[in-house]
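Here the structure comes first, spelled out in structure tokens, and everything after it is commentary.
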There are 2 protein chains.
Amino acid sequence: MSIRTLCLAILHGGDATGYEIKKLSVEGKYRYFADASFGSIYPTLARLEAEGLVTLREEQQAGKPARKIYSITEAGRQALVAELSELPAPDIFRSAFMLVAICAELLPKRVVTAAVDARLGNLAAEIGHLEEIAGSTNDPATRWACEYGISCMRTSATFLAANRARIEEIAGTSRDEAAPTPAATLEMDR
Amino acid sequence: MSIRTLCLAILHGGDATGYEIKKLSVEGKYRYFADASFGSIYPTLARLEAEGLVTLREEQQAGKPARKIYSITEAGRQALVAELSELPAPDIFRSAFMLVAICAELLPKRVVTAAVDARLGNLAAEIGHLEEIAGSTNDPATRWACEYGISCMRTSATFLAANRARIEEIAGTSRDEAAPTPAATLEMDR
DNA sequence: TAGGCCATGTAACCGGTTACATGATTAG
DNA sequence: CTAATCATGTAACCGGTTACATGGCCTA
């Protein structure tokens, strides 16, 4: 999912400045598509404007740079529809946690425990976040997407809570801790 | 998750050539971490070897380039543990499908239907794949990870099957296909 | 008074992909 | 006869991040 499509989709949801687009893509309901930085958003917006897919109006502000408020044009909406109409690329799930799990046998138990706790915390935060969005929107499509996400994450958290002992046990069984390998030996190279 | 860590993790699971590492990271149980191409794997392996984190032995073959079989060293294992011991970065979920769902109101029904079908197909394939891995491994950590994934994907597929009508309906209600798109309703809740 | 929020933008860098180059063997 | 599989590697490219530059206002 390119920053380009992301910007068009957000702008379809309503006018916004580059600054606001970044917030929405990092914190808001659009964060499941690509997280954008200023360094990618501002140039993209400029290009989109040059192509006539968005327009902007400026709002002067004392002291700060003028707010550039972007709106999607009809051509922009068409471009968005065209991009969304292609069969969506398969979803991507990248999990550092899963790698820890698969390599559990190699790790001390406390590392696995910390990873499980962190993941459980992330899931809880994410669920709370989605519930908040779902509760404050009128858009049925957004609510549908939130419910979908909540359903998946609840299952994930439930599985983790119910099965964490098993993976922690696998970590526990490795020759670890007790061995005289105190962190020092780890950082010798480089 | 860098290619570097991925290579180390795969090599911890057993010796492999660059070619095999690629297959494992695209098709095998390691595909949830990063998908690597030859252009990234071969240079990474060379660097790892220069740093002493892996060793290689060559196997001559008639006609083909010699197989370079890499093995992780004790230093490599330590580097891997060090990297895994840092609190894992939060999981990443990027869904083109979800963007289609959120923008459903903009799209003709058949596009949403096709997207749902494709996703359901992907989920079924993925579940089948994980079941196969789970059934053919002796490693309890791998089995645990597979069960986790299967549990999550089953929920996902179940939700989709049960709720697809709702999102397809939202698409259906839009002025679709040939209609000369009137100015969109200026509804912007976020 | 330090730090975070608002608000824009540029430039250097980098990790990774794509396309290329080579070529024998096997399956359809 | 074609396409895929095996098997290595390089070079150009590119999308995106990080760090930088600027600066006023508000809160702890």
Side-chain angles (χ1 to χ4, degrees), chain A residues 1-11 15-28 30-51 54-70 83 89-90 92 94 96, chain B residues 1-11 15-28 30-51 54 56-70 83 89-90 92 94 96 190:
Chain A
M1 193 57 34
S2 67
I3 301 293
R4 193 189 154 82
T5 309
L6 178 75
C7 286
L8 287 175
I10 291 179
L11 257 15
D15 295 354
T17 66
Y19 190 88
E20 287 164 349
I21 288 175
K22 203 228 165 182
K23 283 196 80 176
L24 283 165
S25 75
V26 171
E27 302 164 20
Y30 293 96
R31 80 185 161 301
Y32 300 105
F33 313 118
D35 33 27
S37 58
F38 292 126
S40 53
I41 287 174
Y42 288 124
T44 298
L45 251 12
R47 216 178 95 223
L48 251 19
E49 205 263 320
E51 290 175 35
V54 305
T55 54
L56 71 116
R57 89 196 100 98
E58 284 188 52
E59 230 172 53
Q60 296 305 323
Q61 304 185 117
K64 299 176 197 174
R67 276 164 64 84
K68 292 190 177 178
I69 303 156
Y70 291 88
E83 276 169 271
I92 290 168
R94 286 289 113 90
Chain B
M1 191 59 34
S2 66
I3 302 293
R4 192 188 155 85
T5 309
L6 177 75
C7 287
L8 252 16
I10 291 178
L11 258 14
D15 294 357
T17 65
Y19 190 86
E20 288 164 348
I21 287 175
K22 203 228 167 183
K23 283 196 79 176
L24 283 166
S25 75
V26 171
E27 302 164 23
Y30 292 97
R31 83 186 159 301
Y32 300 105
F33 313 119
D35 34 25
S37 57
F38 291 129
S40 54
I41 287 174
Y42 288 124
T44 299
L45 249 14
R47 216 179 94 221
L48 250 19
E49 204 263 320
E51 291 176 35
V54 304
L56 72 117
R57 92 196 96 100
E58 283 187 53
E59 232 171 52
Q60 295 306 322
Q61 302 184 120
K64 297 177 200 176
R67 275 164 64 85
K68 293 190 176 178
I69 302 155
Y70 290 88
E83 276 169 269
I92 291 169
R94 287 289 115 91
R190 290 184 254 161

Considering every strand and a 4.0 Å limit on heavy-atom distances, what is the contact class for [X]: base, sugar-phosphate, or nothing?
X: A/A34; result: nothing
X: B/K23; result: sugar-phosphate
X: B/A66; result: sugar-phosphate

State which residues pass side chain to side chain contact (heavy atoms under 4.5 Å, CB included) with [X]; sequence neighbours excluded, sorted by chain then number.
X: A/E51; answer: A/R4, A/R47, A/L53
X: B/Y42; answer: B/Y19, B/F38
X: A/F33; answer: A/M1, A/L6, A/Y30, B/M98, B/L99, B/I102

Worksheet item: In whole angstrom, what separates B/E20's CD from D/dT8's P?
Response: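 After rounding, the reported distance stands at 8 Å.
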
Worksheet item: When the distance from CZ of A/F38 to C1' of D/dT22 is rounded to whole Å, what number comes out?
Response: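 After rounding, the gap between these two atoms is 14 Å.
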
Fill in: Bend angle of the helix from C/dT1-D/dA28 to C/dG28-D/dC1, from helix axes over five pairs at each end, nearest 10°
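Inter-axis angle at the termini of the helix from C/dT1-D/dA28 to C/dG28-D/dC1: 50°.
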
Practice prompt. Using heavy atoms to find the nearest nucleotide of DNA chain C for A/K64 and A/S40 separately, return the residue whose nucleotide is more 5′.
Written response: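 Taking each residue's closest nucleotide, the earlier one in sequence belongs to A/K64.
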
Practice prompt. Provide the start and end nucleotides, 5' to 3', of the part of DNA chain C that has atoms under 4.0 Å from heavy atoms of chain B.
Written response: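 Boundary nucleotides touching chain B, in 5' to 3' order, are C/dG16 to C/dA24.
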
Let me check something: any side-chain donor-acceptor pairs from residues 56-64 of chain A under 3.5 Å, sequence neighbours excluded? List them with distances.
residue: A/R57; atom: NH2; partner: A/D15; partner atom: OD2; Å: 2.8
residue: A/E59; atom: OE1; partner: A/R67; partner atom: NE; Å: 3.4
residue: A/Q61; atom: NE2; partner: A/P65; partner atom: O; Å: 3.1

